[in-house]
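What follows is a set of notes on a single structure, which appears directly below.
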Amino acid sequence: MISARLYILQRATALIMAPLVIGHIAVMIYAVQNGLSAAEILSRTQGSFFWAAFYGLFALAVAIHAAIGLRAILHEWAGLKGALLTAICWGIALGLGGLGLQAVYSVTG
Amino acid sequence: MKLSGHRKQSLWFAFILHRISGLVLALFLPLHFWVLSLALRDPAALDGFLSWTDFWYVKLAEYGLVFLLSVHFFGGLRLMALEWLPWSPAQKTYAASALAAGFALATSFFLSATIYG
Amino acid sequence: MTEIERQDTDILILGSGGAGLFAALHAQRTAPDLKITLAVKGLIGKCGCTRMVQGGYNVALGGGDTVERHFMDTIIGGKWLPDQDMAWRLCNLAVERITELENEVGCFFDRNPDGSLHQKAFAGQTADRTVHKGDLTGIEIISRLMEQVLRRPVEKLQEHRAIAFIPATGGEGLAGVLFIDMRTGKFRFVRARTVLMSTGGGPTMYRYHTPSGDKTMDGLAMALRRGLPLRDMEMVQFHPTGLLAGDHTRMTGTVLEEGLRGAGGHLLNNYDDRFMFDYDARGERATRDVVSRGIYAEMRKSNASPNGGVYISMSHLGPNKVRQLFPGMVKRCADSGFDLAAGKVEVVPTAHYFMGGVVVDVDTKTQIPGLYVAGEDAGGAHGSNRLGGNGVANSTVYGGVAGDVMGRDALKTGALRDPDEGILQDEIDRACRPFARTGGDLNSLRQQLRQIMWDDVGVMREAAGIKNGLAELSRLKNDLYETGVTDGMRAFNLTWHDWLNMDNLIEISQVIAHAALARENSRGAHFREDFPEEGSLEDSYFTLVKQTGETLEVSRENVDFTIVRPGETILPEDAPATLVS
Amino acid sequence: MPDSLPAKEQLLDVHIWRGSGEEGSYQTFQVPLQESQTILDVVSYIQQYIDTGLSYRFACRVGMCGSCAMMVNGVPRWTCRTHVKKITDGMRPADGLTISPLRNLPVIKDLVVDMDLFFDKWVRAEAVHHPTRTARDAIQPVEEETAERQAANAAIECINCAVCYAACDVVASNPDYLGPAALNRAWSLVNDVRDGGREAILQAVSGTGGCHNCHSQQSCQKYCPNELNPTASIAGLKRESAKYAMRSLLSLAGSGKKGEKA
Ligand SMILES: Cc1cc2nc3c(=O)[nH]c(=O)nc-3n(C[C@H](O)[C@H](O)[C@H](O)COP(=O)(O)OP(=O)(O)OC[C@H]3O[C@@H](n4cnc5c(N)ncnc54)[C@H](O)[C@@H]3O)c2cc1C
Ligand code: HEM
Ligand code: SF4
Ligand code: F3S
Ligand code: FES
């Protein structure tokens, strides 16, 4: 179910996410030390182009990456295939991407 | 899925760990995004959520998620190394190291959250 | 009347060893528009002995070696009994065939540092001539051939056991072949314009034997029943070192490679004495037949190991060195519970190859129009002894020849021939015979057969023993025909096939015994204790056995020295005796 | 009965799968233990001495033909070279041996499976030599020491036993997946300098059933009786075919642009 193209996309997004995951976890370790609050998060992220780009890229990459990953799982474990599988995976990618960008927008916008 | 004999080998466990972690992370993501987007619409609700994190069981769940993320991360790096670097016979060691590293990273997150949080 | 499925094809090939697969490729090339059907007792490419070839493939590829030298070695090795035209064609076409294997089929043979094919010398060769892929040459040859055949439009009839050649009504030529579809247990009759028999002989009627379990002389028995003459049937080659681990395991009899002795392995009797020098000045490095007889004689002196053989010991070379030199053999022994590197392993001579076979011409044609024979089933090319490395050369060379010839002949043949329905029905009845009986003990019969052949028509023979063997074989045959197989579930019924195997094995055992009795001298693989001399080379004869009605007729025919006479050579006068350093 | 039973006969419980197609169940037999005894010997004993209707497949009996693979206590193995002791050591004797047909292939009867699909995929993977020379040309000189030759050689000693195919969960759950053995052979050919089908192979292993479906479970490598490493071969294919796909994407994009200008 995974062709060369999807493979490339999945590995590429994984590579893109690699430093982002490290960054994200580091921020979390740092952030939780001061106790989490909406205000605290927003003060750090709001209006920051850097964080918008950081999390925007993360959200897009993860949407693609997870959709392809779930494609394999849905095929192998749920037996889905063909157009239905492709449609579902597009749905997951667009859904995750949309939700993700919305979340990024709400904390950085 | 019964654990039949052929699956009783460490690298199969590494595979299933990678898959489960990816799957759970993917399922968790929509929730995560939804909670964050509350920041715009309803900061108080977000705070309400965040205050939950004071409960130990939520902390544990959080720990679990961070563990899954870090173990998936290291596992992913391991897989890409397997695919793209010259073959190494030490695959079991790498898988064990990825697990250990994921564990260490998640624990340090957990500790800083419990000590300071 | 039993239900039979019927179908037609143009070219029908029995067996997927080196001969069968090559025939399929060549027939497809020669007659691409004709339908080709490949019928096998096992799975395509996964049965038969070509896959089990270890040492390699003999071919003269220059560097001083010539086709003439290969030919002379073959004739001398066969003790002047080979059909010289067949031997010549074998040596000559091997050159083209090895190139085809490497270039077209894709075989991956070992190389010299300069990139050319690596060749080594087997015993009995005067040049480094054996092309190989490590010590698993057969796997490489058959896997590559199998891929090529699988990708071509060849009809597959797998787990189809041929049980009879069915002549045309009126008797002119062959109509087709009757099979049991082993998976369903039903009969199938396939009409064909041309049929190749390449079922690979295989002397599995001996207590110890090397060939794969699917080989039970089916083809030779089928040919015998249609009245075809078989030649050199007394010539059974024994390999000196078969693994010995008791009668209850199928590992017993399988080959421990020749190279072990070559590298300096010792053969020890039960008292840890190196006994081979009592029999030959070359000790363990003497030729296969000599070492086999040495071991056999030692066993008879009550010097045998617990399981009744002798030991091969390599440990004096240093266990690590043995592991490094023979990784495959060490691992194989270890898997079976033996330590070849540091311990000693029980061995026994084991029936390995069958030189005898159907009389054919150099184009693989038999006396029956439409029937062709190639590979180990065909007699003549090796005479009384096959050189190591000439077996797979023979099956691939003549398999290819058969494919070409059959392709051309099938294009010329008019309508398919109609079968003699009476014979068809008789053959079905014959196969169903055990279902009408109850009782009997097939396992005991199998063990008796193996013991009789081993004792009476084995490594060493003499008239009284052979006669005793013949009497026992007749008794065995009667017992078999009173032994039943439970009917009801014919699909993949191995016990039914064991019965059919036994039928063929006993029949050919009788032929072997008759031929062995008829040869009153000792040549190559055939050793008569009552006639130990090789006899006059000038008057060399080969034996012929033919079935007429219920009786076997044995005759002798003089070898026609068409190319070279005993005492002469076709090598240039100044040619060195050997090129092997 | 064979004449060499040990003095005190020890019996082993053997549970064997009987049936055909999807239907079947386990049946238990008692087999005397012997000093040198393989799993194939155990199965043969049952067919010869206890239940003459039992079906199984073997040919060479020495690990060369790859006909005899079965699941032994849930693990795929070549049975002719698996010593019974290897399995029973460390096992509770009461558990006995469980022998079932090879996984991931349709069952014909009892322990016999239909291997056609396995070989169909072999051909579909273009895992068949693509000649560049004919029998009339000279044999191509190839140096053993080169990296390509060694890579081709490392993957070549496959007996197509389908043990790896049975061990792989992707094969079980993705019917199109070509499987470790076919891909391993394809990788050998990609490295074989004599092969003219590189592009055809890379294309054949890049589709929906191709090498990219492998999740590196490595059971193939773990259980391959010949110690081959299909995981490494498949990794190589993933690399080379991804590069190939990138190149063709780029060249497509390139030609697309030219098309626009024109
Ligand atoms: C262990 C071993 C090692 C050997 N090593 C060497 C070596 O190093 N060099 C060398 O030159 N030779 C060697 N030989 C000999 C060589 O393998 C054979 O001479 C040669 O391969 C025979 O080829 P073939 O095609 O005639 O028969 P095989 O390869 O034996 O094929 C026979 C085919 O016929 C099929 N068949 C049998 N009966 C029927 C039936 N009733 N209906 C349908 N199909 C049937 C079989 O299933 C099989 O597919 C070795 C043999 C053995 C056993
Ligand atoms: C939060 C983010 C992530 C999510 C939700 C996620 C999700 C998934 C999912 C669902 C799969 C499919 C698993 C399978 O087929 O067995 C997968 C596979 C994979 N992931 Fe992730 N992933 C994330 C981050 C990462 C990161 C950061 C990396 C690498 C650094 C990574 C590397 C991989 C790789 C290499 C695979 C392929 C595994 C295979 O084909 O067997 N992932 N991911
Ligand atoms: S790769 Fe190994 S396990 Fe797979 S078919 Fe080949 S020999 Fe068998
Ligand atoms: S077991 Fe299967 S998942 Fe890949 S590494 Fe082997 S093919
Ligand atoms: S019988 Fe040939 S590999 Fe086991």
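Hydrogens, waters and symmetry mates are skipped; everything else that's a heavy atom, side chains included, is used. Per chain, numbering begins at 1; letters A, B, ... match sequence-line order. Given the structure is predicted, the values throughout are model-derived calculations rather than measurements.
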With only heavy atoms counted, which part of [X] is less than 4.5 Å from chain C, the side chain, the backbone, both or neither?
X         : result
Glu145(D) : neither
Asp120(D) : side chain
Ala152(D) : both
Ile159(D) : both
Lys109(D) : side chain
Val128(D) : both

Less than 4.5 Å to any heavy atom of chain D: does that hold for the side chain of [X], its backbone, both, or neither?
X         : answer
Lys41(C)  : neither
Glu140(C) : side chain
Cys49(C)  : neither
Lys133(C) : side chain
Ser444(C) : neither
Arg250(C) : both
Phe109(C) : backbone
Leu43(C)  : side chain
Arg446(C) : side chain
Val485(C) : neither
Met489(C) : side chain

Exercise. Under the side-chain contact (heavy atoms from CB on, under 4.5 Å) rule, collect the residues that match up with Thr254(C), sequence neighbours excluded.
Key: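 Residues passing side-chain contact (heavy atoms from CB on, under 4.5 Å) with Thr254(C): Leu243(C), Arg61(D), Val62(D).
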
Quiz item: Does a donor on one side chain sit under 3.5 Å from an acceptor on the other, for Thr249(C) and Gln34(D)?
Solution: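 Side-chain D/A pair, Thr249(C) to Gln34(D): absent.
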
Practice problem: Would you tell me whether Gln48(D) and Asp498(C) have side-chain atoms, one donor and one acceptor, within less than 3.5 Å of each other? | Solution: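 Side-chain D/A pair, Gln48(D) to Asp498(C): absent.
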
Hey, what do you get for [atom1] ([X]) to [atom2] ([Y]), rounding to the nearest 0.5 Å?
X         : Y         : atom1 : atom2 : value
Cys333(C) : Arg81(D)  : SG    : CZ    : 8.5 Å
Met64(D)  : Ile139(C) : CE    : CD1   : 4.5 Å
Cys60(D)  : Lys46(C)  : SG    : NZ    : 9.0 Å
Asn103(C) : Ile139(D) : CG    : CD1   : 6.0 Å
His129(D) : Glu147(C) : NE2   : CD    : 9.5 Å
Trp78(D)  : Asp335(C) : CH2   : CG    : 6.0 Å

Quiz item: Looking at Arg97(C), His118(C), Glu100(C), which has the largest count of heavy-atom pairs under 4.5 Å with chain D?
Solution: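 Going by pairs under 4.5 Å, I would pick Glu100(C).
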
Practice problem: Specify which of Arg144(C), Met251(C), Arg183(C) makes the most heavy-atom pairs with chain D at under 4.5 Å. | Solution: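 Between Arg144(C), Met251(C), Arg183(C), the count favours Arg144(C).
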
Practice problem: Would you please go through residues 183-191 of chain D and name the residues with a non-hydrogen atom below 4.5 Å from one of chain C, in numerical order? | Solution: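 The list, in residue order, reads Arg185(D).
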
What is the minimum heavy-atom distance between [X] and [Y], and which atoms define it?
X         : Y         : result
Asp114(C) : Pro141(D) : O-CB, 4.3 Å
Val142(D) : Arg111(C) : O-CG, 3.3 Å
Cys158(D) : Ser143(C) : O-OG, 4.0 Å

Quiz prompt | Test: Glu96(C) and Arg136(D) ion pair at under 4.0 Å | solution =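 No, this pair does not count.
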
Exercise. Using ring pair (Phe, Tyr, Trp, His ring centres under 6.0 Å) as the criterion, list what pairs up with His130(D), not counting sequence neighbours.
Key: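 Listed in chain order: nothing, the list is empty.
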
Quiz item: Which residues satisfy the ring pair (Phe, Tyr, Trp, His ring centres under 6.0 Å) test with Tyr208(C), sequence neighbours excluded?
Solution: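 Only Trp454(C) meet the ring pair (Phe, Tyr, Trp, His ring centres under 6.0 Å) criterion with Tyr208(C).
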
Self-check item: Side chain Ser55(D), main chain Phe492(C), donor-acceptor under 3.5 Å
Solution: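 Yes, Ser55(D) side chain to Phe492(C) backbone: donor-acceptor pair under 3.5 Å.
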
Quiz prompt | Trace of the salt bridge (charged side-chain N to carboxylate O under 4.0 Å, His left out) decision for Glu102(C) with Arg133(D) | solution = CA-CA 9 Å; Glu102(C) 170 72 41; Arg133(D) 294 176 179 228; over 6 Å; no

Self-check item: Among the listed options Ser44(D), Gly63(D), Gly53(D), the residue most often paired with chain C at heavy-atom distances under 4.5 Å
Solution: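 Ranked by contacts with chain C, first place is Ser44(D).
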
Quiz prompt | Between Gln37(D), Glu144(D), Arg194(D), Glu143(D), the one whose heavy-atom pairs under 4.5 Å with chain C are most numerous | solution =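 Of the options given, most contacts go to Arg194(D).
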
